[in-house]
Amino acid sequence: MPTLTQPKLKMRRSMLFVPGANAAMVSNSFIYQADAVMFDLEDSVILREKDAARRLVFHALQHPLYRETETIVRVNALDSIYGLADLEAVVRGGANIVRLPKTDTAQDVSDMETEIARIEVQCGRPLGSTGMLAAIESARGITQAVQIANASARLIGIALGAEDYVRDLRTERSPEGTELLFARCSILQAARAAGIQAFDTVYSQANNDAGFLHEAAHIKQLGFDGKSLINPRQIELLHNLYAPTLAERDHAQAVVDAAAAAEAEGLGVVSLNGKMVDSPVIERARLVLQRAALSGLRDE
């Protein structure tokens with residue numbers, strides 16, 4: 001299969017969920033400046049509005065201003081009566097990425113990939129131009145996370161869907177997130193082993209900024225690339241959290257400069273302030289500079 005044309009490792013700190021049946025939000029969510037806008041045709045859309053939501057999203061995907069924003073669409077499952085129609089609309093509409101709901105096995109990914117490739121060929125989109133993001137929302141899916149993460153070259157990442165997952169565990173979400181720790185670590189390890197990104201679940205209390213920041217700081221420390229959001233106000237909070245401090249930015253710049261100087265001199269060892277700097281530290285410094293360029297700096 002041709003190489004995926006969507007960048008796997010671009011910065012995706014924030015993915016803003018937009019209910020597909022909400023015409024006002026669908027029409028102008030590009031104004032919020034999330035790293036990605038994620039139109040939802042699944043859980044946020046009631047049955048009688050499924051067809052109308054699909055049409056709304058199809059037309060929004062072709063809006064010139066959405067061409068400047070990465071667009072993701074969460075479709076209904078292929079084994080539902082809406083899944084294939086959703087997929088036809090969003091691939092033909094030009095979505096950058098399709099988000100698979102409730103991914104339990106690698107076969108779920110393979111089945112979706114087969115249909116996406118067929119539609120790309122039929123509508124003239126370049127083969128491989130549609131990325132995939134697999135949402136894992138069950139105990140079974142968590143046990144299959146490694147296989148899911150390696151199931152397709154189209155996958156840019158895997159994501160946790162917590163509400164269905166905690167229901168599957170027969171528990172409920174807590175402020176500490178104890179019940180999600182195993183799932184989060186499983187998804188993160190599987191994603192990193194496969195060379196793709198890992199995304200956290202939404203924080204369901206849309207107006208609790210303190211709780212949101214507590215959870216976001218936790219998943220950032222674990223190593224997640226970003227988080228799904230349901231409130232546009234959370235975008236700035238999250239981006240600021242991922243932004244480095246001035247001290248972190250300056251240290252990262254010094255590391256990158258030292259690496260460049262060593263390479264120019266043909267040296268195999270990078271040294272900064274008398275200490276050897278290895279490649280993982282250099283890669284981390286580049287990530288810090290990338291985040292600084294996107295988000296600016298935060299207070300100490």
Side-chain angles (χ1 to χ4, degrees), residues 12-20 34-45 72-77 80 97-105 108-109 132-149 155-192 194 196-235 237-238 241-242:
R12 296 181 176 96
R13 301 157 297 178
S14 56
M15 294 180 172
L16 178 65
F17 264 115
V18 176
D35 290 334
V37 171
M38 186 153 50
F39 298 116
D40 184 29
L41 298 176
E42 197 213 11
D43 284 349
S44 71
V45 180
I72 304 172
V73 184
R74 180 168 71 171
V75 297
N76 288 278
S80 74
I97 296 166
V98 172
R99 175 164 165 146
L100 290 65
K102 301 176 177 60
T103 310
D104 286 338
T105 67
D108 293 336
V109 179
M132 297 168 67
L133 170 61
I136 300 178
E137 307 179 48
S138 67
R140 184 184 183 197
I142 291 299
T143 65
Q144 299 291 314
V146 172
Q147 293 89 335
I148 290 169
L155 280 173
I156 60 97
I158 53 177
L160 174 62
E163 299 306 325
D164 284 333
Y165 175 69
V166 296
R167 182 179 61 188
D168 204 20
L169 291 188
R170 301 175 190 170
T171 184
E172 58 189 21
R173 294 186 67 175
S174 66
E176 300 78 20
T178 306
E179 68 288 344
L180 296 180
L181 184 59
F182 178 76
R184 282 173 167 149
C185 292
S186 297
I187 282 176
L188 187 63
Q189 293 289 329
R192 293 295 178 260
I196 59 177
Q197 294 181 324
F199 304 103
D200 192 46
T201 188
V202 298
Y203 182 74
S204 56
Q205 299 178 41
N207 296 315
N208 184 352
D209 291 351
F212 171 77
L213 285 170
H214 175 77
E215 181 168 279
H218 174 62
I219 64 102
K220 175 177 177 281
Q221 179 61 34
L222 286 177
F224 278 80
D225 295 283
K227 189 169 179 62
S228 300
L229 308 177
I230 57 173
N231 189 325
R233 189 178 68 249
Q234 295 171 336
I235 297 169
L237 295 173
L238 186 64
L241 182 69
Y242 270 83

(request) Check for a donor-acceptor pair, side chain of Asp40 on one end and backbone N or O of Phe17 on the other, with a separation under 3.5 Å. (result)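 Here the side-chain-to-backbone pair does not exist.
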(message) Among residues at least two apart in sequence or on other chains, which ones pass salt bridge (Lys or Arg N to Asp or Glu O under 4.0 Å) with Arg140?
(response) none
(message) Tell me which one of Leu133, Val37, Asp225 satisfies side-chain contact (heavy atoms from CB on, under 4.5 Å) with Met15.
(response) Leu133
Any side-chain heavy atom of [X] within less than 4.5 Å of one from [Y]?
{"X": "Arg233", "Y": "Asn207", "value": "yes"}
{"X": "Tyr242", "Y": "Leu238", "value": "yes"}
{"X": "Ile97", "Y": "Arg12", "value": "yes"}
{"X": "Arg99", "Y": "Phe199", "value": "no"}
{"X": "Glu172", "Y": "Val166", "value": "no"}

So which heavy atom on [X] is nearest to which on [Y], and how close?
{"X": "Gly226", "Y": "Ile219", "answer": "O-CD1, 4.0 Å"}
{"X": "Ser228", "Y": "Met38", "answer": "OG-CE, 3.6 Å"}
{"X": "Pro232", "Y": "Leu16", "answer": "N-CD1, 4.0 Å"}
{"X": "Glu42", "Y": "Pro101", "answer": "OE2-CB, 3.4 Å"}
{"X": "Ala139", "Y": "Leu169", "answer": "CB-CD2, 4.3 Å"}
{"X": "His218", "Y": "Leu181", "answer": "NE2-CD1, 4.2 Å"}

When rounded to the nearest 0.5 angstrom, what is the spacing between [atom1] in [X] and [atom2] in [Y]?
{"X": "Tyr203", "Y": "Ile230", "atom1": "OH", "atom2": "CD1", "value": "10.0 Å"}
{"X": "Gln234", "Y": "Ser14", "atom1": "CD", "atom2": "OG", "value": "10.5 Å"}
{"X": "Ile158", "Y": "Ser186", "atom1": "CD1", "atom2": "OG", "value": "9.0 Å"}
{"X": "Leu213", "Y": "Leu237", "atom1": "CG", "atom2": "CG", "value": "5.0 Å"}

(request) Can you run down the side-chain hydrogen bond (donor to acceptor under 3.5 Å, both in side chains) pairs that involve residues 161-171, sequence neighbours left out, and say none if there aren't any? (result) Lys102-Asp164, Glu163-Arg173, Asp164-Arg167
(message) Looking at Asp35 and Lys227, is any side-chain nitrogen of the basic one under 4.0 Å from a carboxylate oxygen of the acidic one?
(response)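 No, this pair does not count.
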(request) Salt-bridge test for Arg184 and Glu215: reply yes if a basic N is under 4.0 Å from a carboxylate O, no otherwise. (result) yes
(request) Check the surroundings of atom CD in Glu179: do more than 12 heavy atoms from other residues, nucleotides or ligands lie under 6.0 Å from it? (result) yes
(message) Please tell me whether Asn76 and Ser80 have a donor and an acceptor in their side chains that are separated by less than 3.5 angstrom.
(response)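 Short answer, no.
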(request) Show the numbers, then the answer: is there a side chain to side chain contact (heavy atoms under 4.5 Å, CB included) between Leu160 and Asp200? (result) CA-CA 5 Å; Leu160 174 62; Asp200 192 46; 4.1 Å; yes
(request) Determine, step by step, whether Gln144 and Ile136 satisfy the side chain to side chain contact (heavy atoms under 4.5 Å, CB included) criterion, reporting the C-alpha distance in whole Å, the side-chain angles of both residues, the deciding distance to 0.1 Å, and the verdict. (result) CA-CA 9 Å; Gln144 299 291 314; Ile136 300 178; over 6 Å; no
